[in-house]
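Notes follow once the structure below has been shown.
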Amino acid sequence: MAMQFIMKKITLVLLLLTATISSAQQLYVEGGKTSSTFDYKNSQGNSLDNLQSTAHSFMAIGYRNQLFTKNLHLSLGANYAGYGAIGSDDVAGNFMEWDANYAGLNVGLDYNLFNIKKASVYVKGGASAAFFVQGTQTHNNSVMDLKNNDDFDTTLVAMQIGAGFSHPISENISFYVQYVYGKSLNLSSGDAELKITSSNIGFGLLINISKKPA
């Protein structure tokens with residue numbers, strides 16, 4: 001009985017989603033810069049000092065659709081992004097740098113707060129799951145491949161929150177710029193804690209693919 005109730009609820013949600021899919025369908029293409037760093041604590045709870053953020057590029061593509069109301073949209077997409085950090089140990093005189101790239105899938109919701117003439121200002125939140133592609137760690141003059149490294153060669157699950165501004169540039173195309181802050185869940189497989197924080201500035205296009213009524 002409980003399973004039948006759950007299946008009915010899932011069916012209802014799918015029907016509601018299907019009802020919204022006939023309008024306001026869009027594709028998006030986005031690129032930009034990511035500033036990232038690591039939030040690291042060893043097994044004793046001590047942080048790694050002198051870690052600084054590094055800049056990387058990202059790109060994303062996906063689908064966006066109106067959900068229930070004209071101000072709320074659901075987006076599903078794929079992205080490729082780089083993350084890293086740089087630091088030093090003043091006591092031992094060590095230099096450290098990390099550079100890791102991930103490809104992943106993301107889901108998000110954005111809500112239009114208000115309009116300024118034809119432009120719109122919105123807030124958004126989302127989650128992503130990304131998979132390690134390649135990366136390196138530099139320690140002084142030694143470079144190590146991060147492939148098969150338990151702390152990096154794993155699934156990067158992160159939560160994001162941000163805000164943006166969009167403006168139409170033609171009947172079917174809009175331009176947008178947005179800022180998104182993200183933080184991952186713990187990547188470390190041991191007693192230590194490693195999280196990646198990121199700040200993204202993205203520029204993109206929304207392309208309307210909805211069928212116009214005859």
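From a predicted model like this one, the values you see are computed outputs, not experimental measurements.
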Same cluster or not: [X] versus [Y], using hydrophobic residues (I, L, V, M, F, W, Y) connected whenever any side-chain heavy atoms lie under 4.5 Å apart?
X	Y	result
I169	V121	yes
L113	Y176	no
F95	L51	no
I201	F175	yes
V107	I61	no

(request) Starting from the C-alpha separation in whole Å, work towards a yes-or-no answer on side chain to side chain contact (heavy atoms under 4.5 Å, CB included) for H139 and N94. (result) CA-CA 7 Å; H139 185 269; N94 291 322; 3.9 Å; yes

(request) Test F58 against N79 for side chain to side chain contact (heavy atoms under 4.5 Å, CB included), laying out the working first. (result) CA-CA 7 Å; F58 78 91; N79 69 307; 5.6 Å; no

Closest non-hydrogen atom pair, [X] against [Y]:
X	Y	result
G135	D145	O-OD1, 3.2 Å
L187	T155	CD2-O, 3.7 Å
N101	Y80	CB-OH, 3.4 Å
K124	D110	CB-CB, 3.7 Å
N112	S120	OD1-CB, 3.1 Å
S128	Q160	OG-NE2, 2.9 Å

Under a 3.5 Å cutoff, is there a donor and acceptor pairing between the side chains of [X] and [Y]?
X	Y	result
S199	Y179	yes
N200	T34	yes
T54	H56	yes
Q52	T37	no
Q25	Y63	yes

(request) State whether the side chain of D99 and the backbone N or O of T136 hold a donor-acceptor pair below 3.5 Å, judged by distance alone. (result) no

May I ask you to test the [X]-[Y] pair for a side-chain heavy-atom distance under 4.5 Å?
X	Y	result
K183	T197	yes
Y28	S75	yes
M144	N149	yes

Distance (rounded to the nearest 0.5 Å) between [X] [atom1] and [Y] [atom2]:
X	Y	atom1	atom2	result
Q178	F165	CD	CZ	13.0 Å
S166	Q26	OG	CD	8.5 Å
D39	I196	CG	CD1	10.5 Å
L205	L27	CG	CG	11.0 Å
D151	S188	CG	OG	4.0 Å
D153	L146	CG	CG	8.5 Å

(request) Would you indicate whether I173, at its atom CD1, is surrounded by more than 12 heavy atoms from other residues, nucleotides or ligands within a distance under 6.0 Å? (result) yes

(request) Inspect the surroundings of CG in D191 and state if more than 12 heavy atoms from other residues, nucleotides or ligands are less than 6.0 Å away. (result)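 No, the 6.0 Å shell around CG holds no more than 12 heavy atoms from other groups.
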
(request) Starting from the C-alpha separation in whole Å, work towards a yes-or-no answer on side chain to side chain contact (heavy atoms under 4.5 Å, CB included) for Q66 and L72. (result) CA-CA 6 Å; Q66 182 178 307; L72 182 65; over 6 Å; no

(message) Quick check on ring pair (Phe, Tyr, Trp, His ring centres under 6.0 Å): which of F132, Y83, F38 does F152 satisfy it with?
(response)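 Only one of F132, Y83, F38 forms a ring pair (Phe, Tyr, Trp, His ring centres under 6.0 Å) with F152, namely F38.
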
(request) Walk me through it: do H73 and Y111 pass the test side chain to side chain contact (heavy atoms under 4.5 Å, CB included)? (result) CA-CA 7 Å; H73 295 85; Y111 185 82; over 6 Å; no

